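Working notes, beginning with the structure itself.
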Amino acid sequence: MAKTDSSPMASKVPEVTALFWIVKILTTGAGETGSDFLVTHVNPVLGVATGFVLFAVAMTLQFRARRYIPAIYWFAVVMVSVFGTMCADVLHVGLDVPYAVSAPAFAVILAAVFFFWRGSEGTLSIHSITTSRRETFYWATVLATFALGTATGDLTATTFHLGYLTSGIVFTIVICIPAIGYAARRFGPILAFWFAYVVTRPIGASFADWMGVSRARSGLDLGTGPVTLALLVVIGVLVLVLSVQAGRDPHASQSVPAVPSN
């Protein structure tokens with residue numbers, strides 16, 4: 001019998017561990033430089049089309065999966081990172097929308113997704129992703145956070161002239177805010193998680209850009225292609241580790257009850 005939107009299913013998101021945050025930051029960097037490589041070394045239109053097709057394939061695989069499968073989940077995250085970067089860059093480069101405008105616009109979009117998700121499901125907890133409707137809200141949120149993070153990182157690096165390295169350092173400091181707030185019990189787990197999740201994007205993207213861009217742009221000039229490849233290799237190794245861990249978890253495929261919001 002086919003599942004309905006409200007039918008419970010096995011949790012399809014990973015546990016939030018230190019390794020989760022490491023892989024998440026690496027995927028943001030790979031998405032940033034991967035997107036730049038596609039649109040600069042291939043025809044821009046073809047590059048964006050390729051990014052969209054791979055994004056669609058990744059989402060299809062993720063939604064068809066019956067449980068959390070690390071390789072599929074993190075492939076989806078990488079492609080959301082690539083496509084989210086393209087969404088932000090198309091507005092700026094293609095439509096000449098300033099980052100000072102697109103960053104607040106993406107923040108409004110993210111707030112709207114949160115509003116409708118909370119209104120529909122009563123919680124924004126990732127531990128409640130046990131129905132297809134909640135999974136849809138989850139991935140819409142992830143895409144919005146990547147677009148927002150991309151625009152915000154570029155805003156500080158280029159519009160505010162901080163440069164990519166300084167921007168990366170600034171956002172590394174900023175991500176301490178939810179960590180400290182949660183430890184001090186000032187932030188609930190849901191607020192702390194999504195705050196940190198948004199900030200991981202400009203952290204990874206800023207450092208990846210710093211490594212890939214030319215010295216004229218205050219980078220190391222390693223090239224977006226080599227940086228992307230190196231990041232994907234590291235991500236692949238870590239996802240293999242996560243796959244082994246998931247295979248040892250006897251509860252990995254069990255349904256998880258909804259967690260009330262805090």
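Just so we're clear, the structure is a prediction, and the values are computed from it rather than from any experiment.
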> To the nearest 0.5 Å, what is the distance between CD (Gln62) and CD (Glu135)?
Replying inline: 5.0 Å
>> Using only atom types and a distance under 3.5 Å, with no angle test, would you say the side chain of Thr172 pairs donor to acceptor with the backbone of Gly168?
In response: yes
>> Within the structure provided, determine whether Leu232 and Val78 are in side-chain contact (heavy-atom separation under 4.5 Å).
In response: yes
> Does Thr123 reach the side chain of Ile190, with side-chain heavy atoms less than 4.5 Å apart?
Replying inline: yes
> Between Ala76 and Met59, what is the shortest heavy-atom contact and its length?
Replying inline: CB-CE, 3.5 Å
>> Before you tell me yes or no, could you show the steps for Ile69 and Leu61 under side-chain contact (heavy atoms from CB on, under 4.5 Å), namely the whole-Å CA-CA distance, both residues' side-chain angles and the distance that decides it to 0.1 Å?
In response: CA-CA 10 Å; Ile69 301 175; Leu61 291 174; over 6 Å; no
> Would a hydrophobic clustering, with Ile, Leu, Val, Met, Phe, Trp and Tyr connected at side-chain separations under 4.5 Å, put Val39 with Val93?
Replying inline: no
> So do the side chains of Val82 and Phe55 get within less than 4.5 Å of each other, counting heavy atoms only?
Replying inline: no
> Can you name the closest pair of heavy atoms from Leu231 and Ala30 and give their distance?
Replying inline: CD1-N, 3.4 Å
> Which of these passes side chain to side chain contact (heavy atoms under 4.5 Å, CB included) with Thr141: Val113, Ile109, Ile126, Leu124?
Replying inline: Val113
> Taking the side chain as C-beta and beyond, is there a heavy-atom pair between His92 and Ser102 under 4.5 Å?
Replying inline: no
>> Is there a continuous path of hydrophobic side-chain contacts, each under 4.5 Å between heavy atoms, that joins Ile129 to Phe116?
In response: yes
>> Between Leu240 and Phe75, is there shared hydrophobic-cluster membership here, with clusters defined by ILVMFWY side-chain heavy atoms closer than 4.5 Å?
In response: no
> Do the ring centers of Trp74 and Tyr68 come within less than 6.0 Å of each other?
Replying inline: no
>> Test side-chain contact (heavy atoms from CB on, under 4.5 Å) on Thr152 and Tyr99; report intermediate values, then the result.
In response: CA-CA 7 Å; Thr152 304; Tyr99 290 124; over 6 Å; no
> Distance from Leu162 atom CG to Leu155 atom CG, nearest 0.5 Å?
Replying inline: 9.0 Å
> Do Val199 and Leu19 belong to the same hydrophobic cluster, where Ile, Leu, Val, Met, Phe, Trp and Tyr are linked whenever their side-chain heavy atoms lie under 4.5 Å apart, directly or via other members?
Replying inline: yes
> After noting the C-alpha distance and the side-chain angles of Asp36 and Val213, does the key distance pass the side-chain contact (heavy atoms from CB on, under 4.5 Å) rule?
Replying inline: CA-CA 10 Å; Asp36 289 346; Val213 301; 5.8 Å; no
> Is any side-chain heavy atom of Val142 less than 4.5 Å from a side-chain heavy atom of Tyr197?
Replying inline: yes
> When clusters are formed by joining ILVMFWY residues with side-chain heavy atoms under 4.5 Å apart, either directly or through shared neighbours, do Val42 and Leu229 land in the same one?
Replying inline: no
> For Phe146, is the NZ or CZ atom of Lys24 found under 6.0 angstrom from the centre of its six-membered ring and inside 45 degrees of the ring axis?
Replying inline: yes
>> Could you report the tightest heavy-atom contact between Gly153 and Ser167, atom names first, then the distance?
In response: O-OG, 4.2 Å
>> Tell me whether the count of non-hydrogen atoms from other residues, nucleotides or ligands lying under 6.0 Å of CZ in Phe63 goes above 12.
In response: yes
> What are the two closest heavy atoms between Ala192 and Pro178, and how far apart are they?
Replying inline: O-CB, 3.6 Å
>> Just checking Phe195: does its CZ atom have more than 12 heavy atoms from other residues, nucleotides or ligands closer to it than 6.0 angstrom?
In response: yes
>> Can you tell me which residue among Leu238, Val233, Val239 is in a side chain to side chain contact (heavy atoms under 4.5 Å, CB included) with Ile235?
In response: Val239
> What distance separates Ile22 CD1 from Thr200 OG1, expressed to the nearest 0.5 Å?
Replying inline: 12.5 Å
> Picking from Tyr182, Phe187, Trp21, what satisfies ring pair (Phe, Tyr, Trp, His ring centres under 6.0 Å) with Phe193?
Replying inline: Trp21
> Side chains of Val170 and Thr156: does their closest heavy-atom pair fall under 4.5 Å?
Replying inline: no
> Hey, what do you get for CZ (Phe106) to CG (Leu148), rounding to the nearest 0.5 Å?
Replying inline: 8.5 Å
>> Run Arg133 and Ser120 through side-chain contact (heavy atoms from CB on, under 4.5 Å) and show every step you take.
In response: CA-CA 9 Å; Arg133 184 168 57 222; Ser120 173; 3.8 Å; yes
>> On a heavy-atom basis, which atom in Thr130 and which in Arg134 lie closest, and how many Å separate them?
In response: OG1-NH1, 4.2 Å
> Just how far is it from atom CZ of Arg217 to atom OH of Tyr164, taken to the nearest 0.5 Å?
Replying inline: 4.0 Å
> Would you say the side chain of Thr145 lies within less than 4.5 Å of the side chain of Val80, judging by non-hydrogen atoms?
Replying inline: no
>> On a heavy-atom basis, which atom in Ser125 and which in Trp117 lie closest, and how many Å separate them?
In response: O-CZ2, 4.3 Å
> Can you tell me how far the OG1 atom of Thr33 sits from the CG atom of Leu38, to the nearest 0.5 Å?
Replying inline: 10.0 Å
> So do Val227 and Leu220 actually touch side chain to side chain, heavy atoms under 4.5 Å?
Replying inline: no
> According to the interplanar angle, ranging from 0 to 90°, do the rings of Trp139 and Tyr73 count as parallel (below 30°), tilted (30 to 60°) or perpendicular (above 60°)?
Replying inline: tilted
